[in-house]
Engineer: 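Attaching a single structure in structure tokens format; questions to follow.
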Amino acid sequence: MTNSAVPSPFDLTGKVAIVTGANTGIGQAIAVALAAAGADIACVGRTPADDTAGMIRNLGRRAVIVSADLSTIEPVQRVVDETVAALGGLDILVNNAGIIRRADAVDFSEADWDAVIDTNLKSVFFLCQAAGRHMIAQGSGKIVNIASMLTFQGGIRVPSYTASKSGIGGLTKLLANEWAAKGINVNAIAPGYIATNNTAALQADEARNKSILDRIPAGKWGDAGDLGGAAVFLSSAAANYVQGHILAVDGGWLAR
């Protein structure tokens with residue numbers, strides 16, 4: 001009797017993914033993880049993701065760099081169009097690009113409010129919309145939004161960031177409700193405290209750093225690479241019946 005290989009449900013061979021904010025940190029780690037699982041990647045961001053593209057190509061996958069400033073919605077359709085033109089399709093969208101502004105709520109400025117909401121929530125919705133139109137037409141697709149611990153909690157001194165990430169949680173569920181029957185899976189990853197540029201100020205604050213570590217059952221900050229497996233799962237056939245879920249990758253933070 002001949003044994004036939006059973007294909008892995010996590011195999012992304014032949015898939016095309018957009019990853020925003022792919023030049024560093026979580027975005028870079030997710031882009032490389034998707035490529036290691038077989039996907040070709042459009043690396044989207046304000047600054048060129050040359051290092052990320054090089055890592056992807058070293059894995060034998062195709063990579064294109066799409067320059068786009070997602071502080072406005074102006075480039076979102078172009079991001080989708082350039083990806084499809086360069087890589088031949090679009091199967092996965094990872095909305096990772098985001099910014100943060102810190103100040104006491106009583107002092108928080110309108111400019112800092114608008115900048116964060118526009119990048120972290122408005123552009124995410126309209127990129128989902130542009131990608132969703134393509135995916136609905138082909139009858140399949142995976143969208144992975146990047147949420148936060150502040151999707152569940154309030155945080156301090158980051159009002160617009162908290163509002164944006166709470167909005168990501170609701171938006172993820174809304175899109176899942178509308179698109180699940182159309183073959184589109186919409187889910188989110190909520191990273192815990194991950195050592196990236198966005199959290200550098202917290203890591204440098206001795207008192208805050210200690211209070212954070214004391215709360216994490218794993219006893220350490222996460223690494224950007226810790227998000228890769230979750231992204232592959234939610235982008236793959238293994239998650240075909242997962243809809244509107246927010247997957248925490250947090251070292252046990254929410255369990256504490």
Side-chain angles (χ1 to χ4, degrees), residues 12 15-37 39-59 61-87 89-101 112 114-132 134 142-148 160-161 164-165 168 171 188-189 191 194-200 223-228 230-232 234-235:
L12 299 179
K15 303 297 185 182
V16 172
I18 289 172
V19 180
T20 68
N23 62 311
T24 187
I26 290 173
Q28 181 178 79
I30 288 175
V32 172
L34 295 178
D40 298 320
I41 313 294
C43 303
V44 179
R46 286 179 295 181
T47 57
D50 294 310
D51 289 346
T52 307
M55 295 176 192
I56 291 164
R57 291 167 185 148
N58 286 341
L59 291 167
R61 306 313 310 169
R62 294 181 296 162
V64 296
I65 296 173
V66 180
S67 178
D69 180 355
L70 294 173
S71 64
T72 75
I73 66 169
E74 184 275 329
V76 297
Q77 187 61 52
R78 176 176 59 79
V79 167
V80 171
D81 292 343
E82 288 189 17
T83 299
V84 173
L87 296 176
L90 175 59
D91 305 287
I92 299 159
L93 167 64
V94 180
N95 280 306
N96 165 73
I99 62 172
I100 195 166
R101 297 287 186 270
D112 282 347
D114 289 345
V116 173
I117 295 295
D118 286 350
T119 300
N120 293 12
L121 188 58
K122 184 176 180 179
S123 287
V124 168
F125 170 72
F126 284 100
L127 191 48
C128 284
Q129 182 187 75
H134 178 90
K142 309 282 186 182
I143 295 176
V144 181
N145 296 320
I146 300 302
S148 167
S160 56
Y161 187 84
S164 72
K165 292 304 183 178
I168 288 295
L171 182 61
I189 297 169
I194 308 296
T196 66
N197 291 339
N198 266 0
T199 58
D223 180 83
D226 293 329
L227 283 301
V232 170
L234 292 176
S235 300

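Computed over heavy atoms, backbone and side chain alike; hydrogens, waters and symmetry mates excluded.
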Engineer: If I take atom CG from residue Asp40 and atom CG from residue Leu87, how far apart are they, to the nearest 0.5 angstrom?
Structural biologist: 6.0 Å
Engineer: Determine the minimum heavy-atom distance between Ser235 and Leu12, stating which atoms define it.
Structural biologist: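 Answer, listing the atom of Ser235 first, then Leu12: O-CD2, 3.4 Å.
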Engineer: Taking the side chain as C-beta and beyond, is there a heavy-atom pair between Cys128 and Asn145 under 4.5 Å?
Structural biologist: yes
Engineer: How long is the gap from NZ on Lys122 to CG on Leu127, to the nearest 0.5 Å?
Structural biologist: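 CG of Leu127 is found 14.0 Å from NZ of Lys122.
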Engineer: For the residue pair Leu70 and Val76, establish whether any side-chain heavy-atom pair is separated by less than 4.5 Å.
Structural biologist: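 In contact.
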Engineer: So, for Ser164 and Val116, which heavy atoms are closest and what is the spacing to 0.1 Å?
Structural biologist: OG-CG1, 4.0 Å
Engineer: If you take all heavy atoms of Arg78 and Ser67, which pair is closest and at what distance?
Structural biologist: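 Looking at all heavy atoms of both residues, the shortest contact is NH2-O, 2.9 Å.
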Engineer: Out of Leu227, Val144, Ile146, which residue meets the side-chain contact (heavy atoms from CB on, under 4.5 Å) rule with Asn96?
Structural biologist: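 That would be Ile146.
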Engineer: Of the options Thr196, Ile56, Val19, Asp51, which is the one that meets Gln28 in a side-chain contact (heavy atoms from CB on, under 4.5 Å)?
Structural biologist: Asp51
Engineer: Report the C-alpha separation of Leu121 and Ile168 in whole Å, then their side-chain angles, then the decisive distance to 0.1 Å, and conclude whether the side chain to side chain contact (heavy atoms under 4.5 Å, CB included) test is met.
Structural biologist: CA-CA 7 Å; Leu121 188 58; Ile168 288 295; 4.0 Å; yes
Engineer: Contact between Asp223 and Asp226 at the side-chain level, heavy atoms closer than 4.5 Å - yes or no?
Structural biologist: yes
Engineer: Supply the atom-to-atom distance Ile100 CD1 to Asp112 CG, rounded to the nearest 0.5 angstrom.
Structural biologist: 11.0 Å
Engineer: Kindly indicate whether the side chain of Arg61, heavy atoms from C-beta on, has any atom under 4.5 Å from the side chain of Ile41.
Structural biologist: no
Engineer: Taking side chain as C-beta onward, heavy atoms only, is His134 less than 4.5 Å from Val84?
Structural biologist: yes
Engineer: List in chain and number order the residues that pass salt bridge (charged side-chain N to carboxylate O under 4.0 Å, His left out) with Arg46, two or more places apart in sequence or in another chain; answer none if no residue qualifies.
Structural biologist: none
Engineer: Do the non-hydrogen side-chain atoms of Ile65 and Asp50 ever get within less than 4.5 Å of each other?
Structural biologist: yes
Engineer: To the nearest 0.5 Å, what is the distance between CD1 (Ile117) and CZ (Arg101)?
Structural biologist: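 If I round to the nearest 0.5 Å, the distance is 12.0 Å.
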Engineer: How long is the span from the OG1 atom in Thr52 to the CD1 atom in Ile30, to the nearest 0.5 Å?
Structural biologist: 11.5 Å
Engineer: Determine the minimum heavy-atom distance between Ala29 and Ala224, stating which atoms define it.
Structural biologist: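 So the minimum-distance heavy-atom pair works out to CB-O, 3.4 Å.
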Engineer: Just how far is it from atom CG of Asn95 to atom CD1 of Ile18, taken to the nearest 0.5 Å?
Structural biologist: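 One gets 9.0 Å once the value is rounded to the nearest 0.5 Å.
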Engineer: Going through the distances and angles, do Ile194 and Thr199 end up as a side chain to side chain contact (heavy atoms under 4.5 Å, CB included)?
Structural biologist: CA-CA 7 Å; Ile194 308 296; Thr199 58; 5.7 Å; no
Engineer: For Thr20 and Ala97, work out which heavy atoms get closest and say how close.
Structural biologist: OG1-N, 2.8 Å
Engineer: Could you tell me which non-hydrogen atom of Ala49 sits nearest to which non-hydrogen atom of Cys43, and how far apart they are?
Structural biologist: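 Between these two residues, the closest heavy atoms are CB-CB, 3.8 Å.
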Engineer: So, do Lys15 and Leu34 sit near enough that their side-chain heavy atoms are less than 4.5 Å apart?
Structural biologist: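 In short, these two side chains do not touch, never coming nearer than 4.5 Å.
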